[in-house]
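Here the structure comes first, spelled out in C-alpha cells, and everything after it is commentary.
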2 protein chains.
Amino acid sequence: MPSPGLRERKKQKTRDTIIRVALDLFAEKGYEHTTIAEIAEAAEISPRTIFAYFPSKEDIVFYDLPVVHEVLAQALRDRPEGATTLDVLREIIVCSLAPDPTHQQRRCIISSDETLQRSKRARFAPLEELMVGAIAQDLGAGPGDIRPQVVAAALVAAFTAVSDPTTEPPEPYTEAQALAVIDDVLRFLRGGLEALRNG
Amino acid sequence: MPSPGLRERKKQKTRDTIIRVALDLFAEKGYEHTTIAEIAEAAEISPRTIFAYFPSKEDIVFYDLPVVHEVLAQALRDRPEGATTLDVLREIIVCSLAPDPTHQQRRCIISSDETLQRSKRARFAPLEELMVGAIAQDLGAGPGDIRPQVVAAALVAAFTAVSDPTTEPPEPYTEAQALAVIDDVLRFLRGGLEALRNG
DNA sequence: GAGCAAACTTGCAGAGCGTGCATTTATAGC
DNA sequence: GCTATAAATGCACGCTCTGCAAGTTTGCTC
C-alpha cells in the first residue's frame, strides 16, 4: 500500500488527539461534566471540527467500534469450513483479552456514567446481529427460529461479564480464568442446543 | 384504599393525555420529528410542564416501564417456594401477550426510530438485573459465577424475539405459538445448565 | 365561605449537543 | 506558482433539558 500522504496522516493524528484528550478529560471530570468546547480547546481545534470526526460526543468514547464491527464481520464471513461461529468468537475473545491502558481507562469512564452504560449496551446490538446471522447459518435455522437470537445474546452476556468484572475489587480476569469461563459458556450453549434437538 | 382525591385524579389525567397525544404524534410524524412543544400544544399544557411528568422525551414512550419493573420485582420476590425464576417469567410472559392497541402502536413507533430501539435495549437492563439476582439465588451462584447473567440474557432475548416479531409481515404470535417458543427456550436453558453440571 | 399552606403550572433565561451553510485555509497535483 | 480538492472554521439556529422565580389551583381549617 502506498504511503498515506501528509493529509491522511494529519487527519489520523487529529483523530487520535481528540480521542486522547477527550478520554483524559472524561476520566478526570466525568463524561457528563466535560463539554465539547473543552475537548476542542484541549485538542486545539474548533468545536465544530470535532463533529467532522465523530457524529456525536458518545462516538468518541466508542471510537473503535466500527473497526471491531468490521473485524468481526470479516472473521465470521471468512471462517474456515469446519469452524462454527462459537469457535470464531472464542478466538476473537481470546485476542481481545490483551491488556490495553486506553481500554482500561474507557471501562472506567463508562462504568461511572449511566448514559454511557446504556449506550454501550445499545451499541453491542449490531455485533449481536452479526452473530445471529452466522449462528443461524450454522444451525440451518429458518426465519421463525429464535435459537440464533438466544445463543447470540448468551454469548454477548458472557463476553460482557468477562470483560467488565463486577466483582469488588474489579480486577481483570486472567487469560486462563477468562478461557475457563468462555469454555463453560460454550459448553452451556452446546448442551442447551442438544437438549432442544432431543426435546 | 381511599378515593384518590381531585388533585391526584387530575394529575393522572394529565399524564394520560400526554402519553396519548405524544404516541399519536410519534406515530403520525415520527418520534424524531415531533417536538416537545408540539406535544405540549396538543395536550394543552405548557412545554415546561411535560418535564414535571416525564424526565425526558424518551420516558414518554416507555411510560409503563417503572410499573413493569415493580411488578417483576414483586413477582420474583414473592414467588412461592417451589417456583423457579423461569416459572415466574413464563407466567408473566403469558400475561403480557394480551393484545393492547397502545402497546402495538408503541412497537410500531419504536421500530421506526433508531434512537428508540437503542433506548429500549438499554432500558431492559434493569429488568435483566432483577432476573440475574433471582436466578443467582435459584442456582446458589456465588459472585464470580456468570451463569445467571447468561441465562437472564437468553431469557430477555427470547422474550424480545417473541414480543417483536421480525418476520414479514410482522404478525404477532398467537398465544400457543409464543408458549411453544418459550417452553423451547426454557428447555434450552435447563439443558445447558445440566450440561455444565455434568461437564 | 375566607384564608392559608402546599402542590401544581408556567414563563424565562440559559447551558449544551448537534446541523446546515458559507467562508477561509491547507494540501495535492500539474 | 497555480488551481482544484479537501479540511477547518465561524455563525446562526433548532432542540432537549434544567434552575429559578413567579403565578395559579387545590385541600384544609376555622
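Chain A is the first sequence line, chain B the second, and so forth, proteins listed ahead of strands; every chain is numbered from 1.
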* To do: Check whether any side-chain N or O of A:S46 sits under 4.0 Å from OP1 or OP2 of D:dA8, and answer yes or no.
  => no
Answer yes or no: does a side-chain N or O of A:Y53 lie under 4.0 Å from OP1 or OP2 of D:dA7?
no
| said: Run the side-chain hydrogen bond (donor to acceptor under 3.5 Å, both in side chains) test against B:Q105 and tell me which residues pass, sequence neighbours left out. | reply: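 B:Q105 satisfies side-chain hydrogen bond (donor to acceptor under 3.5 Å, both in side chains) with B:R20, B:D24 only.
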Point to revise | Partners passing side-chain hydrogen bond (donor to acceptor under 3.5 Å, both in side chains) against A:S96 (at least two apart in sequence or in another chain) | key: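 Once residues adjacent in sequence are excluded, A:S96 has no partner under the side-chain hydrogen bond (donor to acceptor under 3.5 Å, both in side chains) criterion.
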Atom pair distance, as rounded to whole Å: [atom1] in [X] and [atom2] in [N]:
X: A:R9; N: D:dA7; atom1: CZ; atom2: P; result: 15 Å
X: B:E41; N: C:dT10; atom1: CD; atom2: C1'; result: 16 Å
X: B:D59; N: D:dT16; atom1: CG; atom2: C1'; result: 13 Å
X: B:I18; N: C:dT9; atom1: CD1; atom2: C1'; result: 11 Å
X: A:I45; N: D:dT9; atom1: CD1; atom2: P; result: 6 Å
X: B:E38; N: D:dG14; atom1: CD; atom2: P; result: 14 Å
X: B:E44; N: C:dT9; atom1: CD; atom2: C1'; result: 15 Å

Exactly one candidate in B:L116, B:V68, B:V61, B:L65 meets side-chain contact (heavy atoms from CB on, under 4.5 Å) with B:R123; the answer is B:L65
Using a 3.5 Å cut-off and no angle test, enumerate the donor-acceptor pairs between side-chain atoms of residues 187-199 of chain A and protein atoms at least two apart in sequence or in another chain.
residue : atom : partner : partner atom : Å
A:R187  : NH2  : A:D184  : OD1          : 2.6
A:N198  : ND2  : A:E194  : O            : 3.4

Protein heavy-atom contacts under 4.0 Å, written 5' to 3' over nucleotides 17-26 of chain C as B (base), S (sugar-phosphate only) or - (none), form the string SBBBB----B
Besides A:L179, the hydrophobic cluster formed by Ile, Leu, Val, Met, Phe, Trp and Tyr side chains linked at under 4.5 Å, directly or via other members, contains A:V94
Picking from C:dT9, D:dA8, C:dC8, the nucleotide nearest the side-chain atoms of A:T14 would be D:dA8
Taking distance alone, no hydrogens or angles, what donor-acceptor pairs closer than 3.5 Å link side-chain atoms of residues 41-53 of chain A to residues at least two apart or in another chain?
residue : atom : partner : partner atom : Å
A:S46   : OG   : A:R48   : N            : 3.0

